[in-house]
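Structure in structure tokens, see below.
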Amino acid sequence: SASSIDSNGALGSGECPQCHVKNDPLRKFCNGCGTSLRVSCLECSTEMPVWEKFCGECGASQEECLQTRLAELTAKSEEAEQRLTDMDFEEAKALARRIAGVADHRMQHLKRWADQFLVRVDSSFEDAINQAQLRLNESLTHEAAFDYRSGIRALENVPRSLRTVLLSNAEDSIETVLGRLRSKLKRTDELLRTVLQRVQARKLSGLLVDVKELSLLAPQRPDVLKLKDQLLEREIKLALACQEALTEAQRQFNQQNYAGCLQFLSKVPSDFSLNEKVQELLGRATTCNNRAKELRASIQASVSKPPAAGT
């Protein structure tokens with residue numbers, strides 16, 4: 001950790017913090033190694049000799065300011081380490097880069113730590129990406145086998161910071177695949193509950209639509225495929241029954257037997273009761289049948305009416 005290294009000790013007047021050669025106090029760069037002999041005050045940023053303990057401009061104790069600044073940067077380094085542990089790579093790198101940008105030689109041990117830390121972050125990120133790729137491949141294999149629950153489990157262990165990254169040769173991000181799997185699992189469970197309830201209640205009308213969708217989401221289930229075949233067979237039989245009733249109803253209508261037409265239309269299976277041809281013939285037959293009743297009633301009333309006096 002960055003906190004394990006102490007700051008430099010006190011320097012004598014003119015002493016270089018790098019090679020410790022004694023220089024003329026008026027020099028700005030070391031005569032022995034070229035290192036700058038000036039630093040910025042840690043309080044007011046005024047330039048001052050590196051060996052002076054108090055700023056000549058604001059009087060701030062450089063040792064106290066240094067300890068405060070070191071504590072702040074050390075806390076950031078510890079936060080960066082925690083971010084790396086949490087696999088929050090971008091935030092870890094951002095914190096380390098801020099520390100690496102410190103130019104003051106009195107805090108160079110922190111800069112060295114930051115440089116080494118950034119290398120570790122890159123290495124950890126590469127390892128995490130490789131693991132995420134393996135997880136994604138595993139999840140897609142489960143999806144192809146319609147095992148959505150296992151596919152979700154494979155991806156839930158991928159760090160959230162990597163779920164939006166588009167991995168090599170991947171068509172979708174992990175977040176997208178995870179959302180798709182959860183949606184498929186939710187819809188599959190909903191359909192299973194609906195189909196089971198309706199089969200138990202014998203409410204089979206229109207059920208084939210849901211069963212067909214379920215068979216696409218869970219084709220590995222033999223019970224679903226069997227039910228689909230049974231409902232298809234049922235629909236064929238009902239369609240034949242509908243056609244027979246509709247044909248006979250039309251024949252009755254053509255013979256102006258509107259009541260007979262309506263009787264055959266009542267035999268049309270409920271699954272086909274809203275059929276366009278059925279509804280059209282039903283409307284015409286009902287209208288004609290009602291009109292025939294009115295005419296019969298009118299004729300009957302005229303026949304029953306007593307003749308007028310004097311006729």
Once you round to the nearest 0.5 Å, how far does CG of D122 lie from CG of D127? 11.0 Å
Using side-chain contact (heavy atoms from CB on, under 4.5 Å), reason through R296 and Q300 one step at a time and then give a plain yes or no. CA-CA 6 Å; R296 283 195 296 269; Q300 183 65 39; over 6 Å; no
Should we count CD of E57 as having more than 12 external heavy atoms under 6.0 Å? no
Going hydrophobic residue to hydrophobic residue with side-chain gaps under 4.5 angstrom, can you get from I174 over to L162? yes
For S124, check side-chain contact (heavy atoms from CB on, under 4.5 Å) against everything at least two apart and list the hits. L84, F89
Stepwise, does the side-chain hydrogen bond (donor to acceptor under 3.5 Å, both in side chains) test hold for T247 with Q243? CA-CA 6 Å; T247 299; Q243 188 58 49; 3.2 Å; yes
Non-hydrogen side-chain atoms of K28 and E47 separated by less than 4.5 Å: yes
Validation row: V177, L155 side chains within 4.5 angstrom (heavy atoms): yes
Any salt bridge linking E248 with K267? Criterion: basic side-chain nitrogen under 4.0 Å from a carboxylate oxygen. no
Short side-chain to backbone donor-acceptor contact, Y148 and L217, under 3.5 Å: yes
Closest heavy-atom pair and its distance - C19, C30: SG-SG, 3.5 Å
Between E294 and N290, a side-chain donor and acceptor under 3.5 Å: no
Just wondering, do E280 and E276 contact through their side chains at under 4.5 Å, heavy atoms? no
Do Q82 and D86 pass the side-chain hydrogen bond (donor to acceptor under 3.5 Å, both in side chains) test, and can you show the C-alpha distance, the side-chain angles, and the key distance before you say yes or no? CA-CA 6 Å; Q82 184 59 51; D86 296 338; 3.0 Å; yes
I'd like to know if E190 pairs up with R187 as an ion pair, taking the criterion as any Lys NZ or Arg NE/NH1/NH2 lying under 4.0 Å from an Asp or Glu carboxylate oxygen. yes
Neighbour count above 12 (heavy atom, 6.0 Å) for Q133 CD: yes
Q263 backbone acceptor or donor facing S266 side chain under 3.5 Å: yes
State, with a plain yes or no, whether a side-chain heavy atom of H142 is found less than 4.5 Å away from one of R153. no
Check the pair L208, K212 against side-chain contact (heavy atoms from CB on, under 4.5 Å), reporting the backbone distance first and the verdict last. CA-CA 6 Å; L208 183 57; K212 283 183 176 179; 3.8 Å; yes
Using side-chain contact (heavy atoms from CB on, under 4.5 Å) as the criterion, list what pairs up with R182, not counting sequence neighbours. I152, E156, L178
L11-V21 co-clustered via ILVMFWY side chain contacts under 4.5 Å: no
Going only through I, L, V, M, F, W and Y residues with side-chain contacts under 4.5 Å, is there a path from V224 to L204? yes
For atom CD of E43, decide whether the heavy atoms of other residues, nucleotides or ligands shown that lie under 6.0 angstrom number more than 12. no
Evaluate the ring planes of W113 and F117, with Trp represented by its six-membered ring, and classify them as parallel (under 30°), tilted (30 to 60°) or perpendicular (over 60°). parallel
When you look at L136 and L167, which way does the side-chain contact (heavy atoms from CB on, under 4.5 Å) test go after all the steps? CA-CA 9 Å; L136 178 59; L167 302 177; 4.0 Å; yes
To the nearest 0.5 Å, tell me how far E63 CD sits from F54 CZ. 9.5 Å
Check whether any side-chain heavy atom of Q62 sits under 4.5 Å from a side-chain heavy atom of C55, and report yes or no. yes
Do R69 and D104 meet the salt-bridge criterion of a basic N to acidic O distance under 4.0 Å? no
Given side-chain contact (heavy atoms from CB on, under 4.5 Å), test N257 with R251 step by step and report yes or no. CA-CA 9 Å; N257 182 5; R251 190 177 70 83; over 6 Å; no
Quick one: side-chain contact (heavy atoms from CB on, under 4.5 Å) partners of R27, sequence neighbours excluded? N23, D24, N31, L37
If we count only N and O atoms by modelled type, under 3.5 Å, do the side chains of T287 and R284 hold a donor and an acceptor together? no
Tell me whether S161 contacts the main-chain N or O of M87 through its side chain, where contact means a donor paired with an acceptor under 3.5 Å. yes
Minimum heavy-atom separation for G206 and R198, please, with both atom names. C-NH2, 4.0 Å
Is it the case that one hydrophobic cluster holds both L118 and V102, taking links as side-chain heavy atoms less than 4.5 Å apart, direct or via other members? no
Please indicate whether R180 has more than 12 foreign heavy atoms, meaning atoms of other residues, nucleotides or ligands, lying under 6.0 Å from its CZ. yes
Determine, using the 4.5 Å side-chain heavy-atom cutoff (strictly less than), whether L265 and L238 are members of one ILVMFWY cluster. yes
Within the supplied structure, the quantity of interest is the number of heavy atoms (other residues, nucleotides, ligands) at a distance under 6.0 Å from K237 NZ; does it exceed 12? no
Looking only at non-hydrogen atoms, find the nearest pair between G34 and F29 and report the distance. O-CD2, 3.5 Å
Taking the side chain from S273 and the backbone from S270, do they hold a donor-acceptor pair closer than 3.5 Å? yes
Taking every heavy atom of L216 against every heavy atom of F146, the minimum-distance pair comes out as O-CE2, 3.7 Å
Would you check if the side chain of K111 reaches a backbone N or O of A100 as a donor-acceptor pair within less than 3.5 Å? yes
Student check: side-chain heavy atoms of L281 and C261 closer than 4.5 Å: yes
Quick one: does S139's side chain have a donor or acceptor within less than 3.5 Å of a partner on R135's backbone? no
Between atom CD of E235 and atom CG of L240, what is the distance when rounded to the nearest 0.5 Å? 11.0 Å
Minimal heavy-atom distance between V268 and A245, with the atoms involved, is CG2-CB, 3.9 Å
Rounded to the nearest 0.5 Å, what separation is found between the NZ atom of K186 and the OG1 atom of T188? 12.0 Å
Tell me, do L181 and L185 make a side-chain contact under 4.5 Å, heavy atoms counted? no
Would you name the heavy atoms of L166 and D172 that are closest together and state the gap between them? CD1-C, 3.6 Å
Do the non-hydrogen side-chain atoms of R106 and L42 ever get within less than 4.5 Å of each other? yes
Please check if the number of heavy atoms outside N157 that lie under 6.0 Å from its CG is greater than 12. yes
Do any N or O atoms from the side chain of S123 and from the backbone of R120 form a donor-acceptor pair under 3.5 angstrom? no
Please walk me through it: do N130 and E126 pass side-chain hydrogen bond (donor to acceptor under 3.5 Å, both in side chains)? CA-CA 6 Å; N130 291 335; E126 184 177 350; 4.7 Å; no
